Amino acid sequence: MAPEPTYYENVYDVVRLIPPGRVTNYGAIADFLALGSARMVGWALNQAIHTGDVPAHRVVNRKGELSGRTHFATPTRMQELLEAEGMVVKDDTVVDFDRYFWSPTALLE
DNA sequence: TCACTGACAAGGG
DNA sequence: ACCCTTGCCAGTG
């Protein structure tokens, strides 16, 4: 493994801090890291699945849609994981996303 | 080294 | 309110 932490390892660290039953979006993580952009986060999470040690299902896009579900083992896996944490997913979108939204900036408070 | 890609976000029409 | 365009920047080939 590379001794030097890469950009996406920082993303992993933030994603692991997302409380169960909560979700966040790509922009919030990018803004918290103040590095790269929302696209980098999504791309980093794609690698995170490969490690299998990051709750990537708690990260959705700004619309609350499960945009990354196709990258999971099965397209429905992401929805199942979110529902298992008490959230409701309708039409590949988190219902009341606004209510379940959590921002990493909360760590600063 | 250059060009293209990508689990997005925000603004404008 | 919806659709399209632009900006974003690390990685990979």
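Note on naming: letters A, B, ... go to the chains in the order of the sequence lines (proteins, then strands), and numbering restarts at 1 for each one. Predicted model only: the values in this text are computed from it and were never measured. Values below: every heavy atom of this structure, side chains too, minus hydrogens, waters and symmetry copies.
- Distance I29(A) CD1 to dA9(B) P: 10 Å, rounded to the nearest Å.
- Among the protein residues, I49(A) comes within range of the nucleic acid bases, having at least one heavy atom under 4.0 Å from a base atom.
- Once rounded to the nearest 0.5 Å, the distance linking CD of Q79(A) with CE of M87(A) reads 11.5 Å.
- Across all strands, A56(A) comes closer than 4.0 Å to base atoms (heavy-atom distances).
- Atoms CD (Q79(A)) and P (dA7(B)) sit 20 Å apart, rounded to a whole Å.
- Mapping Y8(A) and R39(A) onto DNA chain C via the closest heavy atom, the residue that lands nearer the 5' end is R39(A).
- Closest to the side chain of S37(A), from the set dA9(B), dC9(C), dA7(B), is dC9(C).
- Note: Y8(A) and Y12(A) have tilted aromatic rings, judged against thresholds of 30 and 60 degrees for the angle between ring planes.
- Counting only distance, with no hydrogens or angles, the side chain of T93(A) and the backbone of D91(A) share a donor-acceptor pair below 3.5 Å.
- For S67(A), the side-chain atoms get nearest to dA7(B) when compared with the rest of dG11(C), dA7(B), dA10(B).
- Each of dA9(B), dG11(C), dC8(C) was ranked by its minimum atom distance to the side chain of W43(A); first place goes to dG11(C).
- Atom NZ of K63(A) and atom C1' of dA1(C) are 13 Å apart (whole Å).
- Evaluated for a side chain to side chain contact (heavy atoms under 4.5 Å, CB included) with T24(A), the options T105(A), V60(A), V59(A), V41(A) yield exactly one hit, V59(A).
- For the pair L82(A) and R58(A), the tightest heavy-atom approach, listed with the atom from each and the gap, is CD2-CA, 4.4 Å.
- For the pair Y26(A) OH and dA7(B) P, the computed distance is 9 Å after rounding to whole Å.
- One interatomic measurement links the two molecules: CD of E65(A) to P of dC3(C), which rounds to 11 Å at whole-angstrom precision.
- The base of dA10(C) does not come close enough to the side chain of Y7(A) for any donor and acceptor atom to sit less than 3.5 Å apart.
- Here the nucleotide nearest the side chain of M40(A), chosen from dA10(C), dA7(B), dA9(B), is dA10(C).
- At whole-Å resolution of the value, CG in N46(A) and C1' in dC9(C) are 16 Å apart.
- Distance, D92(A) CG to dC8(B) P: 14 Å, rounded to whole Å.
- To the nearest angstrom, C1' of dC8(B) lies 13 Å from CZ of F101(A).
- For the pair N61(A) and dA7(B), the criterion of a side-chain N or O lying under 4.0 Å from OP1 or OP2 is not met.
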